[in-house]
Amino acid sequence: MELIQLDIVHLAWGLGLIAIAIGLSAIERLGLEWRLLTATVRAIAQLFGVGFVLEVAFAGNNPVAVLVVLILILTTAALVARNRIGKKIPQILPIVWGALLLSTALSVGYVNLLVLHPPTWYEPQYLVPLAAIVLGQAMNGAAIAGERLTSSLVASRIEIETHLSLGATPQQAVAFYRTEAIRAGIIPTLNSMAIVGVITLPGFFTGQILGGVSPFQAAFYQMLILFMVATATLIATLLVTKGICLKVFNSSEQLIN
């Protein structure tokens, strides 16, 4: 199957869909015209930017350039997750950054070493898209788990302090809330695995088919990505919630205000 190449003219025609959406919003008086326009401009600017950066990284096949791209993606993901969790937990950004780094490195490293065997470990064709997909999903899981845990700690402060006064260790006092937060963080991934290919076709799967890849080959890659995402998300949620639990208690094992 031959890939149909797109250019600026095709993109301009594609923008006609956004024009239709803006027109419908105006007719129905939804007030979404400006948001649709700004979201479209941002999407175009961001995708052109990342396309240019990746084009340079792919052309040079330079490990330094590839690592710089991945660090930028990692840092952005960590900042987004930190903002969703909240800034009340001291030094939460390094915890999230490290959790995303470790979970992504483990899953992507495992696949590169034991499954794909690319020509070089930094092969951008495989490393960048796989790491970006895993980072995005692990970020969502970590953010959901972290947000759930911090909210539970605030709402259940009296119960936690009661457990502490009865002799429980800090980790025992928050164990239930941490478990519930981890489950909340991993459930979206499990739900997507349960319905993939039946109700929805993932973006990576459809993207490969549009690129001319055999549907069976695309399905194999999608399965591999789902396995990576599930493992990385679980590791990220475990690490982030563990880090939060350590940060909310002082040296005297008291819950910090």
Side-chain angles (χ1 to χ4, degrees), residues 1 3 47 50 54 58 66 69-78 80-81 84-85 96-149 178-242:
M1 292 180 286
L3 175 63
L47 289 173
V50 74
L54 293 182
F58 279 39
V66 173
V69 170
L70 293 179
I71 290 173
L72 288 174
I73 297 173
L74 169 62
T75 303
T76 302
V80 171
R84 288 182 59 183
I85 294 171
V96 176
W97 197 91
L100 293 179
L101 172 63
L102 183 59
S103 60
T104 302
L106 285 174
S107 59
V108 175
Y110 179 96
V111 167
N112 265 358
L113 183 65
L114 299 178
V115 181
L116 295 179
H117 307 292
T120 59
W121 67 266
Y122 57 86
E123 189 69 32
Q125 179 184 355
Y126 298 98
L127 184 59
V128 173
L130 291 179
I133 292 172
V134 172
L135 266 174
Q137 297 299 316
M139 175 200 72
N140 287 331
I144 292 171
E147 184 181 23
R148 172 68 68 87
L149 180 57
R178 180 175 179 240
T179 299
E180 290 300 304
I182 293 170
R183 288 174 178 169
I186 194 69
I187 281 176
T189 299
L190 298 179
N191 288 342
S192 66
M193 293 177 71
I195 64 174
V196 65
V198 179
I199 299 175
T200 63
L201 292 179
F204 189 89
F205 180 85
T206 54
Q208 285 209 309
I209 292 177
L210 288 172
V213 175
S214 160
F216 272 116
Q217 192 64 221
F220 290 153
Y221 266 97
Q222 187 61 58
M223 291 179 214
L224 185 61
I225 287 172
L226 288 174
F227 304 154
M228 295 170 65
V229 165
T231 303
T233 301
L234 182 57
I235 293 173
T237 55
L238 285 169
L239 293 175
V240 167
T241 54
K242 182 67 173 180

Next on the checklist: Which residues pass the side-chain hydrogen bond (donor to acceptor under 3.5 Å, both in side chains) test with Q217, not counting sequence neighbours?
Outcome noted: none
Checklist outcome for this item: Closest heavy-atom pair, Y126 versus L116, reported as atoms and distance to 0.1 Å, is CD2-CD1, 4.0 Å
Checklist entry - Which is it for V96 and M139 under the side chain to side chain contact (heavy atoms under 4.5 Å, CB included) test, yes or no, and what are the steps along the way? => result CA-CA 9 Å; V96 176; M139 175 200 72; over 6 Å; no
Checklist entry - With sequence neighbours left out, what residues match L74 under side chain to side chain contact (heavy atoms under 4.5 Å, CB included)? => result W97, L100, L101, L135
Checklist outcome for this item: Nearest heavy-atom approach of G141 to T233 is CA-CG2, 3.9 Å
Checklist entry - How close do P188 and A184 get, heavy atom to heavy atom, and via which atoms? => result CD-O, 3.2 Å
Item to check | R183: salt bridge (Lys or Arg N to Asp or Glu O under 4.0 Å) partners, not counting sequence neighbours | outcome: E180
Checklist entry - Among pairs that include at least one residue of residues 113-129, which meet salt bridge (Lys or Arg N to Asp or Glu O under 4.0 Å), considering only residues two or more places apart or in two chains? => result none
Item to check | Listed partners of L234 passing side chain to side chain contact (heavy atoms under 4.5 Å, CB included), at least two apart | outcome: I182, I186, T237, L238
Checklist entry - So, for A143 and I85, which heavy atoms are closest and what is the spacing to 0.1 Å? => result O-CG1, 3.8 Å
Item to check | Atom pair CG/OG1 of L149 and T179 - distance to nearest 0.5 Å | outcome: 10.0 Å
Item to check | Sequence-distant partners of L226, side chain to side chain contact (heavy atoms under 4.5 Å, CB included), two or more places apart | outcome: M193, V196, Q222
Item to check | Pairwise side-chain contact, L106 with T231, heavy-atom cut-off 4.5 Å (strictly under) | outcome: no
Item to check | Exercise: identify the closest heavy-atom pair between P124 and P129 | outcome: O-CD, 3.2 Å
Item to check | Sequence-distant partners of S107, side chain to side chain contact (heavy atoms under 4.5 Å, CB included), two or more places apart | outcome: V134, M228, A232
Checklist entry - Short question: side chain of S192, backbone of T189 - any donor-acceptor pair under 3.5 Å? => result yes
Checklist entry - What pairs with R178 under side-chain hydrogen bond (donor to acceptor under 3.5 Å, both in side chains), at least two apart in sequence or on another chain? => result T241
Item to check | Distance (rounded to the nearest 0.5 Å) between L130 CG and T104 OG1 | outcome: 11.0 Å
